[in-house]
Peer 1: 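Dropping a structure here in C-alpha coordinates format, bear with me for questions.
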Amino acid sequence: ATPVVDQNRSGVIHRDDGLLTRVFNNEVSASDVQDQATSHLGDEAQLRGLPAQAKFIAAADVRAALRRIGIADATVTFGS
(Lines give C-alpha, C1' and ligand atoms only; values in the text may rest on other atoms or scores of the structure.)
Protein backbone atom coordinates (compact mmCIF):
# COMPACT_ATOMS: atom_id res chain seq x y z
CA ALA A 1 0.00 0.00 0.00
CA THR A 2 1.17 3.49 -0.76
CA PRO A 3 1.36 5.88 2.19
CA VAL A 4 -0.77 9.00 2.01
CA VAL A 5 0.14 12.36 3.51
CA ASP A 6 -3.02 13.96 4.95
CA GLN A 7 -3.00 17.52 3.61
CA ASN A 8 -5.53 18.60 6.25
CA ARG A 9 -3.21 17.56 9.07
CA SER A 10 0.14 18.37 7.46
CA GLY A 11 1.96 21.58 6.79
CA VAL A 12 5.26 23.38 6.76
CA ILE A 13 6.33 24.39 10.25
CA HIS A 14 9.46 26.29 9.25
CA ARG A 15 10.95 26.97 5.85
CA ASP A 16 14.53 28.13 5.50
CA ASP A 17 15.34 28.35 1.81
CA GLY A 18 19.01 29.10 2.39
CA LEU A 19 21.38 31.23 0.41
CA LEU A 20 21.72 28.98 -2.65
CA THR A 21 17.96 28.73 -3.11
CA ARG A 22 17.63 32.52 -2.94
CA VAL A 23 20.56 33.11 -5.30
CA PHE A 24 19.54 30.54 -7.91
CA ASN A 25 15.78 30.88 -7.35
CA ASN A 26 15.51 27.10 -7.15
CA GLU A 27 12.49 26.66 -4.87
CA VAL A 28 11.19 23.31 -3.73
CA SER A 29 7.44 23.07 -4.31
CA ALA A 30 4.96 21.75 -1.77
CA SER A 31 4.14 18.84 -4.09
CA ASP A 32 7.85 17.91 -4.24
CA VAL A 33 7.98 17.88 -0.45
CA GLN A 34 4.80 15.76 -0.32
CA ASP A 35 6.26 13.29 -2.83
CA GLN A 36 9.46 13.02 -0.81
CA ALA A 37 7.52 12.57 2.44
CA THR A 38 5.34 9.86 0.89
CA SER A 39 8.40 8.04 -0.41
CA HIS A 40 10.18 8.32 2.93
CA LEU A 41 7.13 7.08 4.85
CA GLY A 42 6.81 4.09 2.55
CA ASP A 43 10.49 3.23 2.90
CA GLU A 44 10.35 3.50 6.69
CA ALA A 45 7.16 1.42 6.90
CA GLN A 46 8.78 -1.36 4.88
CA LEU A 47 11.99 -1.15 6.90
CA ARG A 48 10.09 -1.45 10.17
CA GLY A 49 7.82 -4.24 8.93
CA LEU A 50 4.58 -2.31 9.36
CA PRO A 51 2.69 -4.00 6.49
CA ALA A 52 3.33 -7.43 8.01
CA GLN A 53 2.35 -6.19 11.47
CA ALA A 54 -0.85 -4.66 10.10
CA LYS A 55 -1.80 -7.94 8.41
CA PHE A 56 -1.12 -9.87 11.63
CA ILE A 57 -3.31 -7.49 13.66
CA ALA A 58 -6.09 -7.49 11.05
CA ALA A 59 -6.12 -11.30 10.92
CA ALA A 60 -6.29 -11.49 14.72
CA ASP A 61 -9.21 -9.04 14.73
CA VAL A 62 -11.09 -11.07 12.11
CA ARG A 63 -10.51 -14.33 14.02
CA ALA A 64 -11.69 -12.69 17.26
CA ALA A 65 -14.85 -11.40 15.58
CA LEU A 66 -15.55 -14.85 14.11
CA ARG A 67 -15.06 -16.50 17.52
CA ARG A 68 -17.67 -14.14 18.98
CA ILE A 69 -20.24 -15.51 16.53
CA GLY A 70 -19.28 -19.13 17.17
CA ILE A 71 -16.67 -19.86 14.49
CA ALA A 72 -13.80 -21.30 16.48
CA ASP A 73 -11.29 -22.00 13.72
CA ALA A 74 -10.72 -19.80 10.68
CA THR A 75 -7.87 -19.23 8.27
CA VAL A 76 -7.44 -15.61 7.20
CA THR A 77 -5.56 -14.93 3.97
CA PHE A 78 -4.76 -11.70 2.17
CA GLY A 79 -4.68 -10.89 -1.52
CA SER A 80 -1.81 -9.03 -3.04
Peer 1: Go through the structure and list residues passing side chain to side chain contact (heavy atoms under 4.5 Å, CB included) with Ser39, not counting sequence neighbours.
Peer 2: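 For Ser39, the residues satisfying side chain to side chain contact (heavy atoms under 4.5 Å, CB included) (neighbours in sequence not counted) are Asp43.
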
Peer 1: Using salt bridge (Lys or Arg N to Asp or Glu O under 4.0 Å) as the criterion, list what pairs up with Arg9, not counting sequence neighbours.
Peer 2: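 Partners of Arg9 under the salt bridge (Lys or Arg N to Asp or Glu O under 4.0 Å) test: none.
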
Peer 1: Could you grab the distance from atom CZ of Arg63 to atom CG of Asp61, nearest 0.5 Å is fine?
Peer 2: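 With rounding to 0.5 Å, CZ (Arg63) is 9.5 Å from CG (Asp61).
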
Peer 1: Please round to the nearest 0.5 Å and tell me the distance separating atom CG of Leu47 and atom NE2 of His40.
Peer 2: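 Interatomic distance, Leu47 CG to His40 NE2, rounded to 0.5 Å: 9.5 Å.
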
Peer 1: Please tell me whether Phe56 and Phe78 are part of a single hydrophobic cluster in this structure, the criterion being side-chain heavy atoms less than 4.5 Å apart.
Peer 2: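 They do not share one cluster, since no chain of ILVMFWY contacts under 4.5 Å joins Phe56 to Phe78.
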
Peer 1: Looking at Pro51 and Ala45, what are the two nearest heavy atoms and their distance?
Peer 2: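 Between these two residues, the closest heavy atoms are CD-O, 3.5 Å.
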
Peer 1: Report the distance from atom CD of Gln34 to atom CG of Asp6, rounding to the nearest 0.5 Å.
Peer 2: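 The CD atom of Gln34 sits 10.0 Å away from the CG atom of Asp6.
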
Peer 1: Grab the two heavy atoms, one from Arg48 and one from Gln53, that are nearest each other, plus how far apart they are.
Peer 2: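 Looks like O-NE2, 3.4 Å.
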
Peer 1: Indicate if Ile57 and Leu50 have the same hydrophobic cluster label, given that clusters are the connected sets of ILVMFWY residues with side-chain heavy-atom separations under 4.5 angstrom.
Peer 2: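 No, separate clusters.
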
Peer 1: Enumerate the residue pairs fulfilling salt bridge (charged side-chain N to carboxylate O under 4.0 Å, His left out) with a member in residues 67-79, sequence neighbours excluded, ordered by first and then second residue.
Peer 2: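 Sorted result for residues 67-79: empty, none.
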
